[in-house]
Every structure is written in structure tokens, then in C-alpha cells.
Protein chains: 2
Amino acid sequence: MSKSRTPSIKMVADRAGVSVATVSNVLNGKPTVSPDFARRVNDAVRELGYVVDLGASRLRSRKAQLAGVVVPDLTNPMFASFVSTLEHLARLDDYDLVVVSARNNVEEEADRLRKIRSWRPAGLIVIPCDGAFAERLPNGFFAPVVLADRIPDAAGFDLIAVDNGPAAGAIAAHLDKQGYGDCLVLGSSLSITNVRERWEGVRAAAGRMHVEMLEIGIDDVNGAQRLEERLRRRPLPGALFSLDHGTTLLTYRTMAEIGLSVPADLAFASFDDMEWMQLVAPGITAVRQPIEEMAEQAWALLLRRMTGSAGKPVTRRLRCAVEIRGSTPRSPLEEAGNTKLGGEKWTLQDEPYSPE
Amino acid sequence: MSKSRTPSIKMVADRAGVSVATVSNVLNGKPTVSPDFARRVNDAVRELGYVVDLGASRLRSRKAQLAGVVVPDLTNPMFASFVSTLEHLARLDDYDLVVVSARNNVEEEADRLRKIRSWRPAGLIVIPCDGAFAERLPNGFFAPVVLADRIPDAAGFDLIAVDNGPAAGAIAAHLDKQGYGDCLVLGSSLSITNVRERWEGVRAAAGRMHVEMLEIGIDDVNGAQRLEERLRRRPLPGALFSLDHGTTLLTYRTMAEIGLSVPADLAFASFDDMEWMQLVAPGITAVRQPIEEMAEQAWALLLRRMTGSAGKPVTRRLRCAVEIRGSTPRSPLEEAGNTKLGGEKWTLQDEPYSPE
DNA sequence: AGCTTACAATAAAACGTTTCACCAGAATTT
DNA sequence: AAATTCTGGTGAAACGTTTTATTGTAAGCT
């Protein structure tokens with residue numbers, strides 16, 4: 001047997017009896033090649049099972065067709081579906097994607113960003129771990145960067161996000177209108193800009209309802225304990241509003257462990273709508289983010305930037321939908337048993353949102 | 001301003017006043033370099049913000065330090081956490097990962113496999129879409145391949161999977177022992193080898209319980225309709241056992257829409273334990289797969305193969321845990337109200353499993 | 001018939017690295 | 001002091017491509 005290696009363009013050229021340049025021309029669809037030669041090359045390619053070496057190809061041609069994606073956590077279903085959509089879109093435009101997760105860790109994110117430069121991507125889509133993203137971006141990074149979902153402290157970035165404030169405000173207004181006197185707002189950390197925006201949205205729209213915020217961190221045992229203590233103290237708040245996915249999970253589990261029941265003991269709403277929230281009874285009132293659309297817009301924008309469109313940084317806010325379900329019934333004191341699955345769907349009206 | 005480009009090793013060499021070779025030696029920690037020169041090089045690297053070009057580096061050194069990962073669907077939480085674990089492990093061993101999703105599509109998987117060769121990975125970890133994986137692996141592929149989770153029809157692959165048969169059998173035995181007379185087993189498709197193994201495990205362990213299988217496909221409206229029709233027909237089966245995540249989701253939602261209640265109308269169990277299954281009331285009896293361990297074993301095995309360990313293909317079966325919860329109470333006819341959240345945990349005994 | 005144009009194919013340079021062979025000088029041995 | 005071995009450093013080749021410039025040949029024009 002021949003000492004087989006993965007075949008190179010040279011081996012193809014030899015086998016087809018042509019020059020390397022001709023093989024390259026055929027493979028890249030250059031028009032100046034006769035049908036006869038093209039056939040011979042294609043045959044050789046097929047017989048050898050040749051595929052181009054991306055590294056070498058990119059090195060020489062200096063065109064990347066490669067984008068990097070950095071997300072805080074792949075196991076979060078929101079981000080997973082964000083990545084999955086991006087992957088699909090990128091493929092349609094003939095781009096490759098290098099995806100990395102920061103595992104909810106700021107230093108790891110910085111590390112990944114440094115590392116991803118080695119790939120020489122033509123652009124980057126990043127969902128940053130927190131607002132201080134700008135500090136972690138390597139200084140000599142030239143490729144365009146589009147941020148998504150989470151809002152950076154510093155200006156000057158392209159940004160595709162959702163209207164956190166108004167959407168959270170819609171939930172607060174809903175709770176207020178239903179007659180809840182006070183609402184305990186829960187979130188991982190106000191250092192995450194989204195959580196901050198949501199909390200501010202709640203305060204702005206709370207009306208007569210008294211609101212209060214409790215930060216419980218990410219995977220933080222102390223935070224979890226503070227939450228449990230609060231839920232064991234009496235009187236309970238009339239409603240709970242959890243501002244992010246991780247917090248919602250923890251809160252809901254804690255309530256179950258303590259034996260609190262929704263909505264009899266308190267109402268419950270969540271930012272981030274997950275699949276199971278319409279499977280539990282009663283369904284959980286939640287803000288649903290247009291995650292696929294976010295991916296689409298982010299990709300479209302990055303693609304424009306990668307193909308040379310200059311211009312001022314763009315900020316776009318996408319509109320969330322609010323799903324009203326059984327966990328926040330009209331009047332918590334009088335009728336506490338509306339456990340109908342699912343619920344009416346209420347969409348934010350189309351009012352313009354102007355960031356900053 | 002200088003016409004800045006992303007800095008190359010040559011620019012570093014110029015700035016440090018040394019040769020390119022020396023820069024390379026410093027960067028790769030070659031011992032034969034004086035502290036003084038090393039410092040100068042490191043300074044220049046820092047000032048320029050230089051990072052190596054992975055493509056060029058790999059091209060010349062011919063050592064890849066790169067592995068590919070192909071999963072059927074990133075939005076499936078199981079696979080997402082599989083990938084996330086792999087990513088972490090790979091980083092610890094200084095490997096890069098290229099992750100792609102086949103989006104539950106056999107042709108797309110074939111396409112991705114072809115494409116991923118262009119990266120010249122040193123190895124591949126694949127969770128195949130179905131058993132016919134071998135046909136889709138490009139013929140001239142030399143790097144080692146480790147399959148995970150799903151069992152291929154053809155032999156000759158390294159494989160890390162779970163003990164589908166025994167685990168599913170344990171659920172069937174449990175249902176039988178609880179006195180359910182018949183069980184409708186649901187799954188996406190028997191063309192997925194896991195589903196087949198599980199179904200066979202059920203049949204082998206069903207005892208006196210009558211079992212029947214219904215395939216409902218993946219995102220298949222006809223299948224969904226067949227399921228709904230069956231659930232509207234009377235008499236209902238005593239128990240439902242769903243063999244994969246997607247099917248569980250669909251089934252549970254359909255039951256809710258029809259107005260069937262668990263476990264009053266029928267018992268319900270699932271292969272694949274998801275977070276929400278202990279959040280709903282009653283909790284859902286489920287088989288929990290050791291997904292992180294699967295990733296660990298797959299990586300360890302691939303790493304061995306990539307670093308030259310030859311030898312016969314290895315098959316390893318990991319043991320699943322069975323979580324008994326309120327959805328499959330002891331006696332469905334007499335006591336139909338045990339809706340306690342959570343439940344006792346039952347682990348498979350440590351009997352050897354031989355996959356021939 | 002001569003002279004330009006157009007075409008098809010190729011040789012060779014280049015991309016950013018790593019590695020190999022080599023070299024000058026210092027340190028050691030004889 | 002001459003001969004040898006180390007030592008720390010460098011020039012140039014090589015990796016697998018794409019691209020540019022160049023060649024040889026056939027066709028089109030006076």
C-alpha cells in the first residue's frame with residue numbers, strides 16, 4: 001500500500017497531469033479553464049477524495065470567510081439556539097464559524113477572546129459576560145465586532161439587543177394592574193447590564209406597586225441562601241419577578257422545596273421564556289425574547305461590516321413578547337386557583353424605543 | 001498613523017531586533033534562548049499585541065492540536081452540555097475545537113463531515129444523526145473518530161454510549177411491578193439506534209405488561225397527529241414511556257392540550273431527564289444519562305487515539321440512573337393522587353453489560 | 001505572410017509560520 | 001596554542017495553497 005497521507009493539491013495535479021495552478025483554478029471556478037482539463041481535474045479530485053486545506057487556503061488568499069462567536073454559556077438554551085441559528089446563517093453565506101463558550105467566567109472570556117484572534121476571523125459576534133466587555137477585547141483587534149443581547153458599558157459597538165426596560169416594565173405594569181401590592185424582583189447580578197436595564201424598567205413602570213430588588217449571583221450558595229431565607233420570612237411578597245433564566249430556575253425550585261405554591265401563595269413571573277414554562281401548571285407568565293431574530297440581525301450586521309461597510313456603530317433594539325399565563329392571575333387574594341395551562345398572549349405595542 | 005495590519009512574526013522580529021526564528025523559539029518555549037533576548041521579544045510581542053496565526057502555524061508544524069465535534073442538534077440541552085464539557089476538557093489539554101451541528105439532518109451531517117476535513121483536525125468526536133453514519137464518513141478520512149451516544153450500524157468504531165437497553169428495561173420493569181397492564185412506548189424513529197436499543201430493552205423487561213411502540217418522527221406533523229389520535233381514543237394505555245427528549249416534549253404538551261392528567265389518567269415516564277421534569281407536579285419519572293461523563297470518556301479516548309495509541313476499537317457503555325418520581329405511582333387505579341414533587345432515586349445495579 | 005490579440009496553461013512568488021542546517025564565537029579540552 | 005565541543009543565534013527551506021506574471025500557441029487582422 002502507498003504510504004497514504006491526506007492528499008494535497010500537488011497530488012491531484014500529478015494525477016490529472018496538469019499544473020497545481022490549474023487545479024486551483026478549477027476548484028475555485030475560474031472561467032479560464034477548458035472543459036477537458038476541468039473534467040480531468042475533477043476526476044482526480046474525486047478519486048483521491050481531495051479537499052482543500054482551509055488553513056493554507058486562507059493563509060495565501062487572505063480572505064477569511066470565518067467568523068468567531070463567543071457566548072457566556074452554551075448550556076443556556078437561549079444561547080444554544082442563538083448559536084445554532086448563527087451557524088445556519090453563516091453556512092448560507094459560505095462562512096465558517098468558530099464557537100467558544102466563556103462558561104460564565106469573565107477571565108475565561110478574556111482568554112477566549114485572546115485565543116480567538118489566532119484564528120484571524122473576519123469578524124466577531126459576542127454575547128459578553130458583563131458590561132465591562134470593552135476592557136477584555138484585545139487592544140490590537142481589527143476585525144469588526146457585533147455585540148448581542150447584553151449591553152456594554154462603553155459606547156462605540158454595534159449592538160443587537162432587546163428592549164429590556166419596556167418589556168420588564170410591561171410585566172411590572174401587568175402585576176400592578178392585577179392589584180399586587182408589592183413585588184420582589186430577583187436577578188443574578190446588576191453587573192449584567194441586561195439585568196440592570198430590566199430592573200430599571202420595572203421601577204419605571206411599577207406604578208403603585210412597591211418593588212424591591214434582590215441579587216443572588218450566579219451559582220452562588222450565599223445568594224441561594226438569602227433567597228431561601230426571604231421566602232421563609234413572613235409576610236411574603238405578593239409577587240416574584242425573576243429577571244434571568246438561571247435565577248428563574250433557582251427560584252422556582254426553591255419555592256417548590258419550601259412548599260410555596262403558585263399562585264396561591266404568591267404570583268410569579270420570569271424574564272426569558274423557556275419551553276417548560278408552558279408545561280407546568282399553572283403556566284408561568286414570562287417575557288419571550290426574539291432570540292432567532294437577534295441572531296439574524298446580528299449576522300446580517302456583521303456580514304455588512306465584514307464586507308466593508310463602514311459607518312457609525314448601530315444599536316438595534318428588538319421587541320419582546322409578553323406571555324401572560326396562570327402564574328399571575330387577576331386577583332391573587334380572591335381567586336387563587338386559576339391553573340389553566342397556557343394563557344392569553346399579549347404583545348408589546350409597537351412604540352419606538354430609543355436607547356440612551 | 002502606520003497602515004496597521006494585524007502584526008506578523010516578522011514585525012515582532014524587526015521591533016525586537018532579532019531574527020524571525022528567534023521570535024518563534026521564544027514563543028514556543030525553546031530552551032536555547034538567552035533571558036535577555038527572550039525579554040526583548042516578549043516586550044515586542046506585548047507592545048504589538050501579537051498573537052500567532054494558527055493557520056500558518058499548523059500548516060508548517062503539521063501538528064494539529066485541533067479536534068472536530070459534530071452533534072445532531074445544538075439546541076438539545078443534552079448535546080449542548082456535551083459540547084460544553086468537551087470544550088472545557090479540550091482547553092485543558094491545549095486543543096482547539098471546531099463544533100458543528102447537523103441540525104437533525106442526515107444530508108447536512110454528511111456535508112458538515114466533508115467540510116470539517118478542510119480543517120485538518122487531528123480527530124473527531126461525532127454524535128451521529130442515525131445508525132448509517134459509516135456511509136457518510138468521507139472515504140479518505142485518516143484522523144481517528146470517536147462516536148458518542150448513538151450506536152452505529154457498522155462495527156469498527158470507537159464508541160462511548162450508555163446502556164440504553166438495561167436502563168429502558170428498568171423503567172419497563174418498574175411500570176410492570178407497579179401493576180400497569182399495558183404501556184404505549186413512544187419514540188421519534190427506530191432508525192435512531194438508541195431508540196431501537198431502548199425499545200428492545202423495554203420488550204425484554206416488560207414482564208406481564210403488554211407493550212406497543214409508536215414512531216412519531218422528528219418535527220413530523222403526521223406523527224404528532226397520530227399521537228394525538230391515539231391519546232383521544234379509549235381505552236387509554238395504562239402508561240406512556242417516551243424514549244427521547246423531543247418525543248417527551250411533544251407528548252407532554254399534547255397530553256396537556258387534550259386535558260389528560262398525569263398520573264390520574266395515565267402514568268408517564270421518559271428517557272432523558274431534563275431540568276423541568278422535577279419542576280412540574282408531579283415530577284416525571286425519567287432515565288438520567290451521564291452526559292458529562294460521556295463527554296469525559298469520549299475526550300479521553302480521542303486524546304489517546306490522537307496521540308498515537310492504536311488498537312482495536314473500544315466500546316464502552318456507561319450506566320444510567322433512573323429517577324422515580326410522582327408520574328408513575330404505585331397503583332394507578334387505587335391511589336391516583338401522589339403528586340409529591342421530586343421522588344426517590346433509584347440507581348441501576350452494577351451488573352456488567354457486554355455489547356458483544 | 002507578417003503582426004497583433006486572445007486564450008489556456010504554467011512556473012514561480014507569496015502568505016506567516018516552524019524547523020533544519022549552519023555559523024560565529026566562547027568555553028573547554030588536549 | 002591549537003583543536004574540539006558548546007552555545008545562542010540566524011538564513012533559508014518548507015508547509016499547501018492562491019495569485020501574478022509569463023509562456024507558448026492558435027486565431028484574427030492588415
Side-chain angles (χ1 to χ4, degrees), chain A residues 4-42 44-45 48-66 94 96 117-122 140 142, chain B residues 4-42 44-45 48-66 96 115 117-122 140 142:
Chain A
S4 30
R5 272 264 229 86
T6 110
S8 75
I9 199 175
K10 183 149 191 325
M11 298 163 77
V12 176
D14 288 350
R15 175 174 263 257
V18 302
S19 75
V20 228
T22 302
V23 178
S24 176
N25 285 336
V26 172
L27 261 39
N28 298 314
K30 292 287 192 310
T32 67
V33 56
S34 76
D36 178 41
F37 273 55
R39 200 184 41 70
R40 266 159 58 198
V41 168
N42 284 323
V45 164
L48 265 56
Y50 169 80
V51 288
V52 72
D53 181 318
L54 271 183
S57 167
R58 272 205 272 269
L59 174 58
R60 175 59 237 236
S61 72
R62 317 190 56 93
K63 49 188 66 139
Q65 297 287 81
L66 171 72
D94 254 316
D96 289 306
R117 295 184 59 198
S118 300
W119 291 95
R120 302 280 186 266
F142 295 117
Chain B
S4 30
R5 274 265 230 85
T6 110
S8 75
I9 198 174
K10 185 154 188 325
M11 299 162 81
V12 175
D14 288 350
R15 176 175 263 258
V18 301
S19 77
V20 201
T22 301
V23 178
S24 177
N25 285 335
V26 172
L27 260 40
N28 297 314
K30 291 288 191 305
T32 69
V33 57
S34 76
D36 178 44
F37 273 56
R39 199 183 43 69
R40 265 158 63 196
V41 167
N42 284 322
V45 165
L48 264 57
Y50 169 80
V51 288
V52 72
D53 181 318
L54 271 183
S57 167
R58 273 205 271 268
L59 174 57
R60 174 60 235 235
S61 72
R62 315 192 58 92
K63 48 188 68 138
Q65 298 285 82
L66 170 72
D96 289 305
K115 177 80 186 187
R117 295 185 60 197
S118 300
W119 290 98
R120 302 281 187 268
F142 295 119

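Atom set for the values below is all heavy atoms of this structure, side chains included, hydrogens, waters and symmetry mates excluded. Order of the sequence lines sets the chain letters (A, B, ...), proteins ahead of strands, with each chain counted from 1.
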Query raised in the report: At under 4.0 Å between heavy atoms, what does S34(B) touch on the DNA or RNA strands: base, sugar-phosphate, or nothing?
Result: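 Here S34(B) touches the backbone only, sparing every base.
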Give a yes/no on whether any side-chain N or O of [X] is located under 4.0 angstrom from OP1 or OP2 of [N].
{"X": "S24(A)", "N": "dT17(D)", "answer": "no"}
{"X": "T22(A)", "N": "dT10(C)", "answer": "yes"}
{"X": "S19(B)", "N": "dT10(D)", "answer": "yes"}
{"X": "S57(B)", "N": "dT18(C)", "answer": "yes"}
{"X": "S61(B)", "N": "dT18(C)", "answer": "no"}
{"X": "R62(B)", "N": "dT17(C)", "answer": "no"}
{"X": "R120(B)", "N": "dT17(D)", "answer": "yes"}

Requested in this report: Kindly indicate whether the side chain of R60(A) and the base of dT17(D) share any N or O donor-acceptor pair separated by less than 3.5 Å?
Outcome: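 When only heavy-atom distances are counted, R60(A) does not reach the base of dT17(D) through any donor-acceptor pair under 3.5 Å.
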Query raised in the report: Quick one: on DNA chain D, does A56(B) or V33(B) contact a more 5' nucleotide (nearest heavy atom)?
Result: V33(B)
Report task. Could you check P31(B) against V23(A) and say which one's nearest nucleotide on DNA chain D is further toward the 5' end? Result ->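 Final value for this comparison: P31(B).
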Between [options], which one does the side chain of [X] approach most closely?
{"X": "F37(B)", "options": "dT18(D), dG16(C), dT10(D)", "result": "dT10(D)"}
{"X": "K63(A)", "options": "dG16(D), dT18(D), dT19(D)", "result": "dT19(D)"}
{"X": "N25(A)", "options": "dT18(C), dT19(D), dA9(C)", "result": "dT19(D)"}

Send over the distance from [X] [atom1] to [N] [atom2], rounded to a whole Å.
{"X": "D53(B)", "N": "dA14(C)", "atom1": "CG", "atom2": "P", "value": "18 Å"}
{"X": "Y50(A)", "N": "dG16(D)", "atom1": "OH", "atom2": "P", "value": "10 Å"}
{"X": "R58(A)", "N": "dG16(C)", "atom1": "CZ", "atom2": "C1'", "value": "14 Å"}
{"X": "D14(A)", "N": "dA9(C)", "atom1": "CG", "atom2": "P", "value": "17 Å"}
{"X": "R40(A)", "N": "dA9(C)", "atom1": "CZ", "atom2": "C1'", "value": "11 Å"}
{"X": "K10(A)", "N": "dA11(C)", "atom1": "NZ", "atom2": "C1'", "value": "13 Å"}
{"X": "L66(A)", "N": "dC15(C)", "atom1": "CG", "atom2": "P", "value": "21 Å"}
{"X": "L59(B)", "N": "dT19(C)", "atom1": "CG", "atom2": "P", "value": "12 Å"}

Taking C-beta and beyond as the side chain, do [X] and [Y] meet within less than 4.5 Å on heavy atoms?
{"X": "R60(B)", "Y": "L59(A)", "value": "no"}
{"X": "F37(A)", "Y": "N25(A)", "value": "no"}
{"X": "K115(B)", "Y": "D96(A)", "value": "yes"}

Requested in this report: Please confirm whether the backbone N or O of G49(B) pairs with a side-chain atom of R117(A), one donor and one acceptor, at under 3.5 Å?
Outcome: yes
Query raised in the report: Hey, what do you get for CD1 (I9(B)) to OG (S57(B)), rounding to the nearest 0.5 Å?
Result: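 I9(B) CD1 to S57(B) OG: 9.0 Å, rounded to 0.5 Å.
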Query raised in the report: If you find the nucleotide of DNA chain C closest to K30(B) and the one closest to G55(B), which residue's nucleotide is nearer the 5' end?
Result: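 Of the two residues, G55(B) wins.
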Report task. Verify side chain to side chain contact (heavy atoms under 4.5 Å, CB included) between V18(B) and V23(B), making sure each step is shown before the conclusion. Result -> CA-CA 7 Å; V18(B) 301; V23(B) 178; 3.7 Å; yes
